[in-house]
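To start, the structure under review is shown below, and the notes come after it.
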Amino acid sequence: ALTLEQAKKILAKHTTEAHLFTHAAAVSAAMGAMADHFGADKEHWEAVGYLHDVDYEKYPDEHCLHVRELLEPEGVPEEDIRAIISHGYGITTEEAKPETDMEKSLFAVDELTGIVQAYALMRPEGLDGMAVKSLKKKFKDKRFAAKCSREIIKQGFAMLGMEAGEVMQCCIDGMQAHKEELGF
């Protein structure tokens, strides 16, 4: 399985923009908390989360379509390549429908971390003490973090069969545990 150290090395070869590294770290953190929720391998899920946008900077209009060609030569296992491609399902690709808990989690938290981050930036205390109830209010406000697709996030919740609040709590907890790395 992919390690976080490998994921960081690989992403650095294909990405230069600071905000993409912050997003990688946020999704990685949220995936770690989702792994805990499912009793799965935390570092493995964090690594997949960290690497999920590996082709985004080079191919923003063909996102997820170049994942395999970038990751196969690095020896990344097929299940991890598939998981990464699956977060673009129905958005940029029809190749891999999210089927495993890891794939569904990645699909759900990718955009959700953006809303958590935007809300943390507004709050004097950042991520500390962020309540799901308040995050839900921000989520309902379409103008807030407008670029984060509510539809995709809701699809992710449905795929997981989890309450919105449960996934939101995982996102908050995971990101809180990594708040220094995320710049909060």
Ignoring hydrogens and geometry beyond distance, is a side-chain donor-acceptor pair present between H44 and D80 at under 3.5 Å?
yes
Atom CD1 in I172, atom CG in L135: separation rounded to 0.5 Å?
5.0 Å
Is there a side-chain contact (heavy atoms from CB on, under 4.5 Å) between H37 and M162 once you walk through the steps?
CA-CA 11 Å; H37 172 85; M162 285 171 73; 3.4 Å; yes
Can you list the steps and then say if H66 with K58 is a side-chain hydrogen bond (donor to acceptor under 3.5 Å, both in side chains)?
CA-CA 9 Å; H66 297 272; K58 283 184 181 167; over 6 Å; no
Gap separating the CD atom of Q169 from the CG atom of D173, nearest 0.5 angstrom
4.5 Å
To the nearest 0.5 angstrom, please state how far the OG atom of S134 sits from the OH atom of Y119.
4.0 Å
Without swapping roles, check the side chain of T22 against the backbone of A18 for a donor-acceptor pair under 3.5 Å.
yes
Nearest heavy-atom neighbours spanning S86 and K97:
CB-C, 4.4 Å
Please confirm whether H87 and F107 have ring centers closer than 6.0 angstrom.
no
Rounding to 0.5 Å, atoms CG (L160) and CD (E103) come to a distance of 11.5 Å
Is it true that, when you exclude E62 itself, more than 12 heavy atoms of the residues, nucleotides or ligands shown sit nearer than 6.0 Å to its CD?
yes
Is it possible for you to say whether M31 and F184 belong to one hydrophobic cluster, with membership spreading through side-chain heavy-atom contacts below 4.5 Å?
yes
Can you measure from CG (L112) to OG (S105) and round to the nearest 0.5 angstrom?
11.5 Å
Does the side chain of E74 reach to within under 4.5 Å of the side chain of K9, using non-hydrogen atoms?
no
Given side chains that start at C-beta, do those of C170 and V109 come closer than 4.5 Å, heavy atoms only?
no
Applying a strict under-4.5 Å side-chain criterion to I, L, V, M, F, W and Y, I'd like to know whether I91 and I153 cluster together.
no
Write down the atom of K136, the atom of A164, and the distance for their closest heavy-atom approach.
CE-CB, 4.4 Å
Trace of the side-chain contact (heavy atoms from CB on, under 4.5 Å) decision for H52 with V48:
CA-CA 6 Å; H52 80 288; V48 168; 5.7 Å; no
Check: T3 main-chain N/O paired with E43 side-chain donor or acceptor under 3.5 Å:
no
Should I152 and V67 be regarded as members of a common hydrophobic cluster, given that ILVMFWY residues are connected when their side-chain heavy atoms come within less than 4.5 Å of each other, either directly or indirectly?
no
Salt bridge present between K154 and E111 (N-O < 4.0 angstrom)
no
Same apolar cluster (I L V M F W Y, side chains within < 4.5 Å links), F139/V116:
yes
Cluster overlap F38 with F157, hydrophobic side-chain contacts below 4.5 Å:
yes
Side chain to side chain contact (heavy atoms under 4.5 Å, CB included) partner of T15, the single match among L20, V54, L51, D53:
L20
Answer yes or no: is there an ion pair linking K8 with E181, defined by an N-O contact shorter than 4.0 Å?
yes
Is K179 salt-bridged to D128, cutoff N-O under 4.0 Å?
yes
For E166 and E163, indicate whether the former's side chain and the latter's backbone hold a donor-acceptor pair under 3.5 Å.
yes
Take R150 and K140, measure what side-chain contact (heavy atoms from CB on, under 4.5 Å) needs, and give me the verdict at the end.
CA-CA 8 Å; R150 281 26 180 205; K140 283 197 182 101; over 6 Å; no
Can you tell me how far apart CG (L11) and CZ (F21) are? Round to the nearest 0.5 Å.
5.0 Å
Should R82 and E78 count as an ion pair when the cut-off is N to O under 4.0 Å?
no
Please report the closest heavy-atom contact between A7 and A47, naming both atoms and the distance.
CB-O, 3.5 Å
Does the side chain of D55 come under 3.5 Å of the side chain of H63 through a donor N or O and an acceptor N or O?
yes
If I compare all heavy atoms of E46 with all of G32, which pair ends up nearest, and what's the gap?
CG-CA, 3.6 Å
As a quick check of understanding, evaluate side-chain contact (heavy atoms from CB on, under 4.5 Å) for E79 and T100, giving each step before the final call.
CA-CA 10 Å; E79 65 157 327; T100 65; over 6 Å; no
Quick check: does any side chain N or O of E57 sit under 3.5 Å from a backbone N or O of E17, one acting as donor and the other as acceptor?
yes
Closest non-hydrogen atom pair, C64 against T93:
CB-CG2, 4.1 Å
Please find the pair of heavy atoms, one from A29 and one from H178, that lie closest to each other, and give the distance.
CB-CD2, 3.5 Å
